[in-house]
Protein chains: 2
Amino acid sequence: MTKSYHHGNLRAALVDAAVGLAREGGPDAVVLREMARLVGVSHNAAYRHFSDRDDVMAEVAEFAMGQLETAMRSGIASVRSRDREVRARRCLREVGRAYVHFALGNPGLFTIAFTVKSEAVLSEERALALVAPYALLNEVLDELRDSGAMPARRRPSADVSCWAAVHGFSLLHLSGPVSDAPSTEREAALDHLLATIERGLIAP
Amino acid sequence: MTKSYHHGNLRAALVDAAVGLAREGGPDAVVLREMARLVGVSHNAAYRHFSDRDDVMAEVAEFAMGQLETAMRSGIASVRSRDREVRARRCLREVGRAYVHFALGNPGLFTIAFTVKSEAVLSEERALALVAPYALLNEVLDELRDSGAMPARRRPSADVSCWAAVHGFSLLHLSGPVSDAPSTEREAALDHLLATIERGLIAP
DNA sequence: CTCTGTATGTTGTCACCGTCAACTTTGGAG
DNA sequence: CTCCAAAGTTGACGGTGACAACATACAGAG
C-alpha cells in the first residue's frame with residue numbers, strides 16, 4: 001500500500017510534515033511545496049485534502065492547541081495538595097507555568113496556534129479544539145471560585161486576566177524586548193507573575 | 001525637485017508607504033513592490049535605501065513603537081491626581097489602558113512592532129527606539145515604588161508582569177479566542193485586568 | 001565651466017511560492 | 001468486466017524578494 005500511486009493516508013502524512021516544518025520554522029516555514037517534497041509527493045497533491053494553505057495552518061493550529069492542552073493537563077496533574085483551596089491555587093499556578101513552558105519550548109507550534117486566520121474553514125470540531133486550552137483554564141478558575149479561594153465576583157473576568165498574563169509573558173520572551181533573558185531569570189520572573197496574578201485574584 | 005530622476009527623499013516616502021500598508025494589512029501587506037508602486041518608483045529602488053525587507057520592517061517597527069510610546073505618554077498626561085501614591089497607581093493604569101487601546105486601534109502597526117526579526121540590522125538608535133515603551137513603563141513603576149504604593153521588593157519583576165498582562169490582553173483580543181468580544185465587554189475586562197494587576201503589586 | 005565619479009533609480013532576470021486547470025492513474029461499485 | 005469518481009501529476013500563471021548590469025543626475029575637483 002505504501003508505494004502505490006495512491007498514497008493511502010496522504011492527508012495525515014502531510015499534516016505530519018507541516019507540523020515538523022512548523023516546529024522549527026514557525027508559520028513562514030509551513031510551505032505547501034516543501035510539505036509535498038518531504039512526503040515524496042508532487043506539489044498540488046495537497047489540494048486534494050486541503051482547500052487552502054490557511055486550511056493547512058488551521059490543521060497545524062489544531063494540533064498545536066491539542067499539545068498545549070495536554071501540557072496544561074499534566075501541569076494540573078502534578079499538583080499534590082489535598083486542601084481544596086490550596087489545591088485550586090496550585091492548579092492555577094501550574095496550569096500557567098505549563099502554558100509558558102510549552103510556549104517557550106515549542107515556539108513555532110505555539111505561534112501558529114494563534115495565527116489561525118478568521119476566514120479559515122472552521123468545522124464545529126475544529127473550532128472546539130481551538131479553544132480547548134481556554135476551556136480548561138475556565139474549569140480551573142471555576143474550582144478556584146467554588147473552593148472559596150477567590151471571591152465569586154472576580155470569576156467572570158478572571159479567565160481573560162489569567163490568560164492574558166501568561167500569553168503576554170510567553171510572547172514577550174519569544175519575540176519581545178526580554179527575549180534574551182537567561183532562563184533562571186525568566187523562571188523567577190514567571191514565578192513573580194503567577195504570584196502577582198494570584199494575589200490580585202485572591203485578595204478580598 | 002519632485003519630478004527629477006532623483007526623488008529627493010525617497011527613503012522617507014517609502015517608509016510612509018510601508019507604514020500605510022502596515023496600518024491596514026499588517027506585516028504581510030508590507031510588500032516592497034507595492035511600496036514602490038505607491039511612491040511611483042520602480043521596484044528595486046528600495047534597495048538603495050534598505051538592505052532587506054527585514055530592514056524595512058524594522059523601520060516600520062521603530063515608527064510603531066514611537067507611536068505606542070506617544071500613546072502611553074498621553075495616557076500618563078491624562079492623570080490628574082495630586083496625591084503621590086494615588087497618582088502613581090493611576091499612571092500605571094492609564095499607561096496600561098493606553099497600551100491596549102493603541103494595540104486594538106492600530107492592529108497592523110502594533111503587530112509589526114513586535115515582529116522585528118532578531119537578525120535585522122539594529123543600529124544603536126533603532127534598538128533604543130524599539131524599547132522606549134518598555135523604558136517608559138519602568139519609569140512609571142519606579143515612581144510606584146518610590147511613592148510607597150508598591151513594596152520595593154516587587155519592583156524588579158513588576159515590569160515584566162505588567163507588560164505581559166497588557167500585551168497578552170491585546171493579542172488575545174486581536175487574534176485570540178476572545179477576538180470577537182463586544183467593545184463594552186472588552187473594556188470591562190480590561191478594567192478588571194488592570195485592577196487585578198494593581199492589587200497583586202500593591203498588596204503587602 | 002568642464003570632467004568625472006558616485007549615489008540613485010531602472011531594466012531584466014531568477015528562484016520560489018500559492019493556486020488553478022487539464023490530464024492520468026487507480027481502485028472499487030455496479 | 002466496465003466505468004466513474006477519487007487521488008495524484010504536469011504545466012502554467014501571477015506575484016514576490018533578491019541579484020546583476022545598466023542608465024542618469026548631482027556634486028566636487030581641477
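Heavy-atom basis, side chains included; hydrogens, waters and symmetry copies ignored. Below, read A as the first sequence line, B as the second, and so on, with proteins coming before strands; counting in each chain starts at 1.
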What is the distance, to the nearest angstrom, from the [atom1] atom on [X] to the [atom2] atom on [N]?
X	N	atom1	atom2	answer
B/Arg33	C/dT10	CZ	P	13 Å
B/Glu34	D/dG14	CD	C1'	14 Å
B/Leu21	D/dG15	CG	C1'	15 Å
B/Arg37	D/dG17	CZ	C1'	12 Å
A/Met35	C/dC16	CE	C1'	16 Å
B/Phe50	C/dT8	CZ	P	12 Å
A/Arg53	D/dT16	CZ	C1'	14 Å
A/Asp54	C/dT19	CG	C1'	12 Å

Looking only at the side chain of A/Ser42 (C-beta and beyond, no hydrogens), which of the listed nucleotides C/dG9, D/dT9, D/dG17 gets closest? D/dT9

Can B/Asp191 and B/Arg93 be counted as an ion pair, charged N to O under 4.0 angstrom? no

Can a side chain N or O of A/Tyr47 be found less than 4.0 Å away from OP1 or OP2 on C/dG18? no

Quick one: label A/Arg48 by what it contacts on the DNA or RNA (base, sugar-phosphate, nothing), any heavy atom closer than 4.0 Å.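 Base contact - A/Arg48 has a heavy atom under 4.0 Å of at least one base atom.
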
Regarding B/His49, tell me which of base, sugar-phosphate or nothing describes its non-hydrogen contacts under 4.0 Å with the strands shown.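 Since only primed, P, OP1 and OP2 atoms lie under 4.0 Å of B/His49, the category is sugar-phosphate.
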
Could you pick out which residue, B/His43 or B/Arg11, lies toward the 5' side of DNA chain C when each is mapped onto its nearest nucleotide?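 Going by which nucleotide is closer to the 5' end, it is B/Arg11.
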
Backbone of B/Ser157 reached by a side-chain donor or acceptor of B/Ser161 within 3.5 Å: yes

Between A/His101 and A/Glu187, does a side-chain hydrogen bond (donor to acceptor under 3.5 Å, both in side chains) hold up when you go through it step by step? CA-CA 9 Å; A/His101 284 167; A/Glu187 211 60 26; 2.5 Å; yes

Pair A/Trp163 + A/Tyr99: ring centers closer than 6.0 Å: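 Yes, ring centres under 6.0 Å apart.
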
